[in-house]
Amino acid sequence: MRVLNYIQGKFVEPSSENWMENTSPSTGEIIGSLPLSGDVDVGSAVDAARNALPGWSALEPSERADWLDRIADCLESKHEEIAYLESLDTGKPIALSRSVDANRSVSNFRFFSGMIREQEDEMFEMSDATNIVSLRAVGVGALITPWNLPLYLLSWKVAPAIGMGNTVVCKPSELTPLTADLLMRVVDEVGLPPGVVNLIHGNGIAGSSLTSNPEVDLVSFTGGTSTGAKVASAASPQFKKVSLELGGKNASIVFSDCDLEKTVEGVTRAAFLNQGQVCLCGSRILIEDSIYEKFLSLFIESVESMKIGNPMLEETQLGALISKDHLKKVESYVSLALEEGGEIVTGGIPCLPKDLAGGNWMAPTVVTGLAADSRCSTEEIFGPFVTVHRFNSESEAVGIANNTRYGLAGSVWTSDLDRGRRVAENIQTGMVWVNTWLHRDLRVPFGGVKDSGVGREGGRWSLGFFSEPLNVCLKHN
Ligand code: NAD
């Protein structure tokens, strides 16, 4: 499959005629190619977005919401194709692609359509004047996304951005171009006005060209923390609006009064969903001393029962890692864990059929005995690798949870909801679940603190980020 850039309503080749290969994570085979775009392609896409801006931002919000609904309907009709392409491109299990990636891509457009229809100006009365505050488009948006939840995250940005009247240039990860291309086919099929949504394929060269382009007014970036720093330093001198959703090293805190069965299930899912390649994954498991041995053995049993293999099989629970480089990085932490004095309780190379031999495979790995401040326990690994720690008190658990430069998410498992809330409120993070994980209400803010990012998206926070408030003060006669 060869994908093309989408600029001004047309699928076009890169101006340089440079291409990259797209490789299947589960087999290692080359499955297609994508443009390796540069400044010229980015410039054309930004010009297209700039030209489309006056007409698009002048539409009534309800008219733009109608367009979001058309995109949602068309995406929904391609539900199975989305799931197939996402599993092919990322190596994730097809059941996950169907239930999470495909479903959320549709619901992102539906949800923001509803919010944009409900959006109203705010009035602030004074004794002698009336203030009217309305939300206006910011301008041209750059939307840059990672490979772990490709269409899920791209649609999470495109829907509110264009819904609020902006026009956009998307830059999906070079490792997963297929569903971004599908979204452009959908945009084309529904007949969205040319230039409202444009897309550039390529690597960080295209990404940095986009963030430093002076005609780009805002940047919404989701990806790694070190890339986020580069994005911020390119965008800030030009005073662009920037939202950064970055890495995480989240704790799952298990108290002795938890519901054991539900907690084992929840903590396993939090640790290894999408092979541990979700920014919200609970990669540090903190267990209260009195149930440590019991919980650990139930957890290991649950981890070892997970079915790893061909992503296209319905029963598969764990697929492949995204790339050879990423696999090497995650594996390097296994050696590091041993150097740091840890014990690998389960993990290794899974036994798989021959046709998967060229893929990027690693069994879910659990490490005990590491200090809470070891590198393995504090750095983002972003793979099927978790460390397990003991604690004796709430304050000790909170201390371990906070002992990292990241602050994205976390979960607390206890039958005492007062304690659950108290502990959650003491973790330095953007989101904490109590007795659940990744239970998402699209109305709530999403994002992190410390090195996990700047700003929030989600619900009205997305509408706020993708708009500028204008205050008009009318003095009474
Ligand atoms: P990455 O930072 O390598 O790449 C993300 C995107 O940025 C890609 O499209 C890439 O091509 C582009 N890019 C690379 N260099 C750039 C530059 N200099 N300027 C602009 N763009 C550039 O991240 P990744 O490896 O694709 O994704 C994994 C990371 O994403 C993990 O750290 C994970 O925690 C994070 N993530 C965070 C969230 C969140 O919401 N906080 C969600 C998903 C993933």
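Counting starts at 1 for both ligands and their atoms, following the listed order.
- For E80 and R98, the salt-bridge test passes: some basic side-chain N is under 4.0 Å from an acidic carboxylate O.
- In this pair, F382 and W147 present their aromatic rings perpendicular. The plane angle is above 60°, beyond the 30 to 60° band.
- Side chain of T167 to backbone of G165: no donor-acceptor contact under 3.5 angstrom is found.
- Near P172, meaning under 4.0 Å from any of its heavy atoms, are these atoms of ligand 1: 9 (O).
- At the top of the distance list for atom 7 (O) of ligand 1, counting protein heavy atoms only, stands F221 CE1, 3.2 Å.
- Using a cut-off of 4.0 Å between Lys/Arg side-chain N and Asp/Glu carboxylate O, R185 and D181 are scored as salt-bridged.
- The shell of residues lying under 4.0 angstrom from ligand 1, judged by heavy atoms, includes L153.
- Listed by atom number, the atoms of ligand 1 under 4.0 Å from G224 heavy atoms are 1 (P), 2 (O), 23 (O), 29 (C), 30 (O), 32 (O).
- Ligand-side atoms of ligand 1 in range of K171: 8 (C), 9 (O), 10 (C), 11 (O), range being under 4.0 angstrom from any heavy atom.
- Among T211, L280, T227, the residue whose heavy atom lies closest to atom 2 (O) of ligand 1 is T227.
- Protein heavy atom closest to atom 12 (C) of ligand 1, with residue, atom name and distance, is I144 CG2, 3.8 Å.
- Each of T404, V386, N250 was checked for a side-chain contact (heavy atoms from CB on, under 4.5 Å) with R284, and the lone residue meeting it is T404.
- Salt-bridge check for E174 with K171: passed, with a basic side-chain N closer than 4.0 Å to an acidic carboxylate O.
- Taking a cut-off of under 4.0 Å to the non-hydrogen atoms of W147, the atoms of ligand 1 that pass are 24 (P), 25 (O), 26 (O), 27 (O).
- Of the candidates S220, S113, S462, P160 forms a side-chain contact (heavy atoms from CB on, under 4.5 Å) with just one, namely S462.
- For atom 27 (O) of ligand 1, the closest non-hydrogen atom on the protein side is P146 CB, 3.2 Å.
- With respect to atom 19 (N) of ligand 1, the closest heavy atom belonging to the protein is S208 N, 3.4 Å.
- For atom 30 (O) of ligand 1, a protein heavy-atom neighbour is present inside the 4.0 Å cut-off.
- Using a 4.0 Å cut-off between charged nitrogen and carboxylate oxygen, K78 and E189 count as a salt-bridge pair.
- Close approach of ligand 1 to N148 is summarised as follows: ligand atoms under 4.0 Å from at least one heavy atom of the residue are 43 (C), 44 (C).
- The protein heavy-atom contact nearest to atom 21 (N) of ligand 1 is G207 CA, 3.5 Å.
- Ligand 1 lies nowhere less than 4.0 angstrom from a heavy atom belonging to G453.
- The pair K307-E314 does not meet the salt-bridge criterion, since no charged nitrogen lies less than 4.0 angstrom from a carboxylate oxygen.
- The aromatic rings of F272 and F299 sit parallel, their planes meeting at an angle under 30°, below the 60° perpendicular limit.
- Residue S452 places no N or O, backbone or side chain, under 3.5 Å from any N or O of ligand 1.
- Of the candidates G228, G247, G223, C279, the one placing a heavy atom closest to atom 35 (C) of ligand 1 is G223.
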Verdict with reasoning, W156 to F466, per ring pair (Phe, Tyr, Trp, His ring centres under 6.0 Å): CA-CA 12 Å; W156 175 244; F466 288 110; 9.6 Å; no
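- In terms of protein heavy atoms, atom 37 (C) of ligand 1 is closest to L246 O, 3.1 Å.
- Shown in contact with F446 at under 4.0 Å from a heavy atom are these atoms of ligand 1, numbered in order with element: 40 (O).
- Salt bridge present: D101 and K92 bring a charged side-chain N and a carboxylate O closer than 4.0 Å.
- We find that R405 and E380 are not joined by a salt bridge, their nearest charged nitrogen and carboxylate oxygen being 4.0 Å or further apart.
- Protein heavy atom nearest atom 28 (C) of ligand 1, with residue, atom name and distance: F382 CE2, 3.7 Å.
- Looking at E380 against ligand 1, only its side chain comes within 4.0 Å, counting heavy atoms.
- Proximity to V231 (heavy-atom distance under 4.0 Å) selects the following atoms of ligand 1: 19 (N), 20 (C).
- Close contacts of ligand 1 with T145, meaning ligand atoms under 4.0 Å from a residue heavy atom, involve 6 (C), 8 (C), 9 (O).
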